[in-house]
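Taking it in order: structure first as structure tokens, then the write-up.
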Amino acid sequence: MFPWDKIDTVLLDMDGTLLDLHFDSHFWLKLVPQTLSHNRNISLNEANVLVEQAYDQVVGTLDWYCLDYWQQQLQLDIVTLQRTLADRIQLRQDSMPFLHTLAKKHKTRILVTNAHPHSLALKLEHTELAQGLDHMLSSHETGFAKEHPQFWSSLFNQYQLQPNRCLFIDDSEAILHAAKQAGVGYLLGISNPDSKKPHKIFTHFPAIYDYHHLLDDLIASKP
């Protein structure tokens, strides 16, 4: 699928790409409205409307991914609340075989995530993900979400990357578009980010549902 001899660096999203998105889906779409309903003594339907309106106001911005923002906006202890669901944090079953094979082929593996540092730390604590990565960058460290061009400039400068020799993998087509505009040479979608939901359809980028589809070509490629 890809000319691996022309790829030096693999940039990987976290939630939905290396980790099962079910944790985040359940947290933000189920637990947060339920807790808000209980705390404010309003119906679950009213809480869902409030949460959806709040989400829509900042979608695609750094605030959308910021736990500090949501703690203030919703008056909830988001960090503590996430820990109550920590047992739902799961690696995709195909992630580590892919990451380990990339290492054997001397590809640099960089996590590029919009996740807040607190959320990132929690997920690293409950998985072996860190063992499969060379570097990690949260968009909060750059001040720009991955949807913004400045994020990519910061990433390329920090790690001295040649964008045209990078492969970027993400479950969001909008973010793949941002990476393409920034000059990333190779792009790939993940069609099954949430194990409890139907597969997504990508219209502008190739997509897979299992990293094992990449392994044969990767293993056969020259290091």
Side-chain angles (χ1 to χ4, degrees), residues 1-19 21 24 58-70 95-96 98-125 127-190 193 202 204-207 211 214 218 221-223:
M1 180 179 284
F2 295 106
W4 289 103
D5 61 320
K6 296 180 180 178
I7 295 172
D8 302 322
T9 304
V10 180
L11 308 169
L12 301 125
D13 173 51
M14 182 171 67
D15 300 314
T17 299
L18 293 174
L19 301 185
L21 192 61
D24 294 274
V58 293
V59 66
T61 71
L62 199 60
D63 281 342
W64 201 85
Y65 304 99
C66 182
L67 302 192
D68 300 323
Y69 174 84
W70 291 116
S95 292
M96 295 310 291
F98 179 54
L99 293 173
H100 289 323
T101 304
L102 288 173
K104 290 178 182 176
K105 291 297 179 175
H106 306 290
K107 308 298 182 186
T108 301
R109 305 154 303 169
I110 304 178
L111 183 76
V112 290
T113 178
N114 275 329
H116 187 277
H118 287 313
S119 184
L120 174 58
L122 180 65
K123 290 166 182 177
L124 294 177
E125 178 185 336
T127 68
E128 58 178 325
L129 181 58
Q131 299 173 24
L133 300 166
D134 298 299
H135 306 287
M136 290 178 272
L137 181 66
S138 165
S139 59
H140 296 262
E141 298 174 53
T142 72
F144 298 92
K146 289 190 294 183
E147 289 87 337
H148 196 284
Q150 187 60 47
F151 169 83
W152 298 97
S153 298
S154 298
L155 170 69
F156 301 150
N157 289 336
Q158 181 166 338
Y159 296 106
Q160 295 297 295
L161 302 177
Q162 297 182 51
N164 65 316
R165 295 188 63 85
C166 293
L167 163 64
F168 174 53
I169 307 176
D170 201 292
D171 63 300
S172 164
E173 194 150 25
I175 295 177
L176 288 170
H177 273 295
K180 181 179 180 180
Q181 290 297 314
V184 175
Y186 304 95
L187 300 146
L188 179 67
I190 295 297
F202 282 74
H204 298 288
F205 301 96
Y211 288 119
L214 301 179
L218 178 57
S221 67
K222 294 181 179 180

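Predicted model, so just to flag it, every value in this text is computed and none were measured.
Taking the salt bridge (Lys or Arg N to Asp or Glu O under 4.0 Å) definition, one finds that D8 meets it with R165, sequence neighbours left out. Take Y69 and apply the ring-ring contact (aromatic ring centres under 6.0 Å, His included) test, not counting sequence neighbours, and it matches no residue. Annotation: salt bridge (Lys or Arg N to Asp or Glu O under 4.0 Å) contacts of D24 (sequence neighbours excluded): K123. Residues meeting the side-chain contact (heavy atoms from CB on, under 4.5 Å) test with S154, sequence neighbours left out: T142, Q150. Not counting sequence neighbours, the partners of E125 by the side chain to side chain donor-acceptor pair (under 3.5 Å) test are R83. Applying the side chain to side chain donor-acceptor pair (under 3.5 Å) test to T113 and every residue at least two apart in sequence or in another chain returns nothing. Here Y65 pairs with nothing under the ring-ring contact (aromatic ring centres under 6.0 Å, His included) rule; sequence neighbours left out. Applying the ring-ring contact (aromatic ring centres under 6.0 Å, His included) test to Y186 and every residue at least two apart in sequence or in another chain returns nothing. Contacts of H116 classified as ring-ring contact (aromatic ring centres under 6.0 Å, His included), with partners at least two apart in sequence or in another chain: H118, H140. By the side-chain contact (heavy atoms from CB on, under 4.5 Å) test, S172 pairs with D170, A174, I175, sequence neighbours left out. Scored by the side-chain contact (heavy atoms from CB on, under 4.5 Å) test, H100 finds M96 as partners (sequence neighbours excluded).
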Side chain to side chain contact (heavy atoms under 4.5 Å, CB included) assessment of T108 paired with L161: CA-CA 10 Å; T108 301; L161 302 177; 5.8 Å; no
Audit row: S221, D5, side chain to side chain contact (heavy atoms under 4.5 Å, CB included) steps and yes/no: CA-CA 7 Å; S221 67; D5 61 320; 6.0 Å; no
Criterion side chain to side chain contact (heavy atoms under 4.5 Å, CB included) on V10 and F2, from CA distance to verdict: CA-CA 12 Å; V10 180; F2 295 106; over 6 Å; no
Intermediate values then yes/no, side chain to side chain contact (heavy atoms under 4.5 Å, CB included), F98 and L218: CA-CA 9 Å; F98 179 54; L218 178 57; 4.0 Å; yes
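The distance from atom CG of L12 to atom OH of Y211, rounded to the nearest 0.5 Å, is 6.0 Å. In this structure, L18 CG and T127 OG1 are separated by 9.0 Å, a value rounded to the nearest 0.5 Å. For the atom pair OG1 of T101 and CG of L214, the computed distance is 10.0 Å after rounding to the nearest 0.5 Å. Taking CZ of F202 as the reference point, atom CG of L188 lies at 8.0 Å (rounded to 0.5 Å). The structure places NE2 of H177 at 5.0 Å from CD of E173, a figure rounded to the nearest 0.5 Å. Interatomic distance, CD of Q158 versus NE2 of H135, reported as 9.0 Å (0.5 Å rounding).
Here the shortest heavy-atom pairing between P206 and L187 reads CG-O, 3.4 Å. W4 and K107 make their closest contact through O-NZ, 2.6 Å (heavy atoms, listed as atom of the first residue, atom of the second, distance). The two atoms that bring S139 and L62 nearest to each other are OG-CD1, 3.4 Å, heavy atoms only.
Residue pairs meeting the salt bridge (charged side-chain N to carboxylate O under 4.0 Å, His left out) criterion with at least one member in residues 108-122, sequence neighbours excluded: R109-D134.
Of the candidates D13, D15, D171, K146 forms a salt bridge (charged side-chain N to carboxylate O under 4.0 Å, His left out) with just one, namely D13.
W152 and F156 have tilted rings, their planes meeting at an angle from 30° to 60° on a 0 to 90° scale.
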